[in-house]
Amino acid sequence: MDLATLKSFFAASPFLRGLGVQPVAAAPGRVTAVLPVTEQLFQHTAQVHAGAMATLADHSMGSAAQTLAPEGHWALTAELKTSQLRPGRGERLVCEAWVVKAGRRLSFTAAEVWGEAAAGPRTLVMKASAPMA
């Protein structure tokens, strides 16, 4: 799946469009997506809601699995595990997702979500994993 196809795949999801998630890189078994941080994503303590970060990781991992799926098949999340390491902060969140092991019926995926700001280093804010059916 090339980046143009991946952008169409993301655009087909009204939920992701509403959040503002955009894919920025694709390779077989790998996807990188970006979520601009806006106030609408905040929970009561002015940090990005864990659900928004989990959504970013989930769809990115599913897309990474989709890059290896046979034509006409769709990768669907069978289970999702997230670990929030730090508050989601910055100007944007960047998710790097990859296929750990591709199988015939299940593909095992992982992701890291990073907080980025113009000034300062990237900060790892979430790790995630999911088998995709």
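Between the side chain of E91 and the backbone N or O of A118 there is at least one donor-acceptor pair closer than 3.5 Å. No donor-acceptor pair under 3.5 Å is formed between the side chain of S60 and the backbone N or O of A57. Looking at Q66, its side chain does come within 3.5 Å of a backbone N or O of H73 through a donor-acceptor pair.
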Can L124 and R86 be said to form a side-chain contact (heavy atoms from CB on, under 4.5 Å), step by step? CA-CA 7 Å; L124 182 61; R86 290 177 188 81; 4.2 Å; yes
Between F15 and T55, does the side-chain contact (heavy atoms from CB on, under 4.5 Å) criterion hold? Intermediate values first, please. CA-CA 9 Å; F15 185 52; T55 296; 3.4 Å; yes
side-chain contact (heavy atoms from CB on, under 4.5 Å), that's the test. Do M53 and L93 meet it? Break it down for me. CA-CA 8 Å; M53 293 190 296; L93 299 177; 3.5 Å; yes
Determine, stepwise, if the pair E112 / W98 fulfils side-chain contact (heavy atoms from CB on, under 4.5 Å). CA-CA 9 Å; E112 295 177 338; W98 61 93; 3.8 Å; yes
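The closest side-chain heavy-atom distance from L35 to L41 is below 4.5 Å. Between Q22 and R17, every side-chain heavy-atom pair lies at or beyond the 4.5 Å cut-off. Using a 4.5 Å heavy-atom threshold, the side chains of S107 and L68 count as separate. At a threshold of 4.5 Å between non-hydrogen side-chain atoms, the residues R89 and F42 do not count as touching. Residues V94 and V113 fail the side-chain proximity criterion, which asks for heavy atoms closer than 4.5 Å.
Linking ILVMFWY residues whenever their side-chain heavy atoms come closer than 4.5 Å, directly or via other members, leaves V125 and V34 in distinct clusters. Follow the hydrophobic side-chain contacts under 4.5 Å out from L85 and you never reach L80; the two are in separate clusters. Taken together through direct or relayed side-chain contacts under 4.5 Å among Ile, Leu, Val, Met, Phe, Trp and Tyr, V31 and L19 form part of one hydrophobic cluster. Grouping the Ile, Leu, Val, Met, Phe, Trp and Tyr side chains by contacts below 4.5 angstrom, directly or via other members, places V99 apart from M1. Cluster membership check: M132 does not share its hydrophobic cluster with V21, using side-chain heavy-atom separations under 4.5 Å among Ile, Leu, Val, Met, Phe, Trp and Tyr.
Contact detail for A25 and L3: the closest heavy-atom pair is N-CD1, 3.7 Å. When all heavy atoms are compared, the tightest approach of A117 to G90 is CB-CA, 4.4 Å. In terms of heavy-atom proximity, A130 sits nearest to T109 at O-OG1, 2.6 Å. Among all heavy-atom pairs drawn from A54 and T82, the shortest one is CB-CG2, 3.9 Å. Closest approach of A50 and Q84 over heavy atoms only: CB-OE1, 3.1 Å.
Expressed to the nearest 0.5 Å, how far NE2 of H59 lies from SG of C95 amounts to 11.0 Å. Atom CH2 of W114 sits about 13.5 Å away from atom CZ of R92, to the nearest 0.5 Å. Within the model, atoms CG of D58 and OG of S63 stand 9.0 Å from one another, a figure rounded to the nearest 0.5 Å.
Here E96 pairs with R122 in a salt bridge; the nearest charged N to carboxylate O distance falls below 4.0 Å.
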Return all side-chain donor-acceptor pairs below 3.5 angstrom for residues 4-11, not counting sequence neighbours, or 'none' if the list is empty.
unit_1: T5; atom_1: OG1; unit_2: D2; atom_2: OD1; d: 2.6
unit_1: S8; atom_1: OG; unit_2: A4; atom_2: O; d: 3.4

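Inspection of the T45 and Q43 side chains reveals an N or O donor paired with an N or O acceptor under 3.5 Å.
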